[in-house]
Every structure is written in C-alpha cells, then in structure tokens.
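For reference, the structure is listed below as structure tokens.
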Amino acid sequence: MGKQPGSKNASRHGHQYNFSPTLELETAAQGRGFQQVAGVDEAGRGPLAGPVMVAAVILGKDWNAEHSLNDSKKLSSTKREQLFDVICSEALAFKIVSISAEEIDRLNILQATLHGMLRCLTEIEPAPDYVLVDGNRFPQTTIRGEAVVKGDARSKSIAAASILAKVTRDRVMVENAKRYPEWGFESHKGYPTKQHRAAIEKYGLSPLHRRSFRLKSLSKLDRSSTAQLNLL
C-alpha cells in the first residue's frame, strides 16, 4: 500500500513552496530498489464543466533531465504544447484518463479523481512499482508510493503528468466549444470565470456541466432544478 501523506511534504506556518522540479524523489525511490517510478497528476478539479483529466508518466532511466519540465500552471500554453510532444515521444510510458462530468456527479470530484488515478496506474505499461502522486491523497492501490504536496513543483515525473493532463483537457474543451459555442469553453475551459457565469445565467447548463456543482451567486438559475451548480 502507498504511504499516507507525510508531514515532511506539508506546508508549515503558512510557508509557501518555491520548488523547481527535480528527479530527487525518483532517484531516491530507485535507490531503494524500485525500477519503474510513475508520477501522477490531474487537471480540471475546479471547473464547473467538462471532465477531470488524470495522467501518469514514467520518465524512465533514459529521460533527458535537461528538459524544462515544470508545474503546468507555471508554463505558457505554447511551452506546454511543446513539452507535451516531448513527453509523449521520449518518456518510457504514459497514460491519460478522462473522467466525465457524469462520473464526477456520481462519485464526487475527489473520488472521481482518485478513480482516474487508479485507472492510470492499472492501464499504464510497463506497470509502475512506485508512484509519486501530487497532493495529499493517495489512491487505493497495492503499488508502493507517496503523496507529495506541491508535487508538480518538486518532481519532474509529476510535472510531466500535470502537463499531459492539462494540455489534453484544454484540447477537449476547445473541441467541445464547437459543439456548445454559447458557453465559450475555448476561453475559460469550464472554470467559473465572469464570462462563464454570465453564459450560465443566460443559457442555463450544457450537457458538459457538472450537475453536482453549485454557484450560489447565480440568482437567476432555476432554483427548483436538480441541475443547479454547486461550486466546491
């Protein structure tokens, strides 16, 4: 079983991390005898619409450490796209899983994300024997590993996973914008921006919206509808 989140990775007294990803955690695991170390991260927990995307990446022993991997949120969209191609072509293995809005509504966002992580770890080949998961929750798996707070800023494997998840999700939302142009998904990607909130007030909910999320500030939404949004 994976280790529970350790205090060594938690912020203390409001301290803000300013890490640059390295292979230190991967090297430490390999020094303990593990061979295939995977990084896992997600994109899309906060949006009101669209899937949550989860990715797992095994960089492998031949990975070029000079590649400028970082937390996807700290990279420009152009740089993310470039690194997406590099990771897909040069990493030993990767897996990307999409969890739909319907699954999120059924499971709740936390459980849906953990389910996506488990699917990634089950389906990626070769199978990892150690896992570094971004955040403070570890999926229910027999694979050894650890949850790493701010992991996408500390581990290059997790950073790589964050890039794959973010780029894939952005592409999905841009494509969905063609099907549902009223909501402007190509610009806000489903996040609760002012533009998105206004579109919901005007047009209601699209098939992509998460029915279990609620925006209390949207007074014009139909209060009797079970489709009312709940922003967690």
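Values reported hereafter were calculated over all heavy atoms of this structure, with side chains retained and with hydrogens, waters and symmetry mates removed.
- Under a hydrophobic-cluster definition in which Ile, Leu, Val, Met, Phe, Trp and Tyr are linked whenever side-chain heavy atoms come within less than 4.5 Å, directly or via other members, V54 and I124 are assigned to different clusters.
- Taken together through direct or relayed side-chain contacts under 4.5 Å among Ile, Leu, Val, Met, Phe, Trp and Tyr, F84 and I87 form part of one hydrophobic cluster.
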Show the atom names and distances, to 0.1 Å, of all donor-acceptor pairs under 3.5 Å that link a side chain in residues 157-164 to residues at least two apart or in another chain.
residue	atom	partner	partner atom	Å
S157	OG	E26	OE2	2.7
S162	OG	S72	N	3.2
S162	OG	A159	O	2.7

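- Checked by atom type and distance alone, the side chain of E81 never pairs as donor or acceptor with a backbone atom of T78 at under 3.5 Å.
- Nearest approach of A165 to A55, heavy atoms of both residues: N-CB, 3.9 Å.
- Hydrophobic clustering, with ILVMFWY side chains joined whenever heavy atoms are under 4.5 angstrom apart, keeps V174 apart from V167.
- The closest side-chain heavy-atom distance from L205 to R211 is below 4.5 Å.
- Here the CE atom belonging to M173 is positioned 10.0 Å from the OG atom belonging to S187, to the nearest 0.5 angstrom.
- For the atom pair D129 CG and I58 CD1, the distance stands at 8.0 Å (nearest 0.5 Å).
- In this structure a side-chain-to-backbone donor-acceptor pair under 3.5 Å is missing from S155 to G151.
- Distance CG/L75 to CG/L69: 8.5 Å, rounded to 0.5 Å.
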So K73 and D152, salt bridge (Lys or Arg N to Asp or Glu O under 4.0 Å) or not? Walk me through it. CA-CA 9 Å; K73 297 184 291 298; D152 48 9; 3.3 Å; yes
With side-chain contact (heavy atoms from CB on, under 4.5 Å) as the test, would you mind laying out the steps for D170 and T168 before giving the verdict? CA-CA 6 Å; D170 283 355; T168 303; over 6 Å; no
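- Here the rule is ring-ring contact (aromatic ring centres under 6.0 Å, His included) with H196, and of W183, Y191, F185, Y203 only F185 fits it.
- E102 contributes atom CD, which lies 8.5 Å from atom CG of L208 (distance to the nearest 0.5 angstrom).
- Identified under the side-chain hydrogen bond (donor to acceptor under 3.5 Å, both in side chains) test for residues 106-117, with sequence neighbours left out: none.
- A continuous path of Ile, Leu, Val, Met, Phe, Trp and Tyr side chains, each step under 4.5 Å between heavy atoms, connects L121 with L114, placing both in one hydrophobic cluster.
- In the hydrophobic clustering of ILVMFWY residues, with side-chain heavy atoms under 4.5 Å counting as a link, L92 and L132 come out apart.
- Atom CD of E24 has 12 or fewer neighbouring heavy atoms from other residues, nucleotides or ligands inside a 6.0 Å radius.
- Checking side-chain atoms of R154 against main-chain N and O of S20 turns up no donor-acceptor pair under 3.5 Å.
- Interatomic distance, R169 CZ to N176 CG, rounded to the nearest 0.5 Å: 9.5 Å.
- Here the side chains of R210 and L48 are not in contact, with every heavy-atom distance at 4.5 Å or above.
- In this structure, R32 CZ and T27 OG1 are separated by 11.0 Å, a value rounded to the nearest 0.5 Å.
- For the pair V131 and V40, the minimum side-chain heavy-atom distance is below 4.5 Å.
- For residues 85-106, there are no ring pair (Phe, Tyr, Trp, His ring centres under 6.0 Å) pairs, not counting sequence neighbours.
- Between A177 and E186, the shortest heavy-atom distance links the atoms CB-OE1, 3.1 Å.
- Residues forming a side-chain hydrogen bond (donor to acceptor under 3.5 Å, both in side chains) with S68 (at least two apart in sequence, or on another chain): K79.
- In this structure, E146 and Y130 approach most closely via the heavy-atom pair OE2-OH, 2.9 Å.
- Scanning all heavy atoms of the two residues, the minimum distance from K150 to D134 falls at C-OD1, 3.7 Å.
- Contact between V172 and M53 at its shortest, heavy atoms only, is CG2-CE, 4.0 Å.
- Within the structure, side-chain hydrogen bond (donor to acceptor under 3.5 Å, both in side chains) pairs that include any residue of residues 36-49 do not occur (at least two apart or interchain).
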Intermediate values then yes/no, side chain to side chain donor-acceptor pair (under 3.5 Å), Q195 and T193: CA-CA 5 Å; Q195 174 196 2; T193 63; 4.7 Å; no
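- What you find for V57 and L59 is that their closest heavy atoms are CG1-CD2, 3.7 Å.
- Side-chain atoms of K156 come within 3.5 Å of backbone atoms of A65 as a donor-acceptor pair (strictly under, hydrogens ignored).
- Pairs of residues two or more places apart, or lying in two chains, that qualify as side-chain hydrogen bond (donor to acceptor under 3.5 Å, both in side chains) and include a residue from residues 51-67 are H67-E90.
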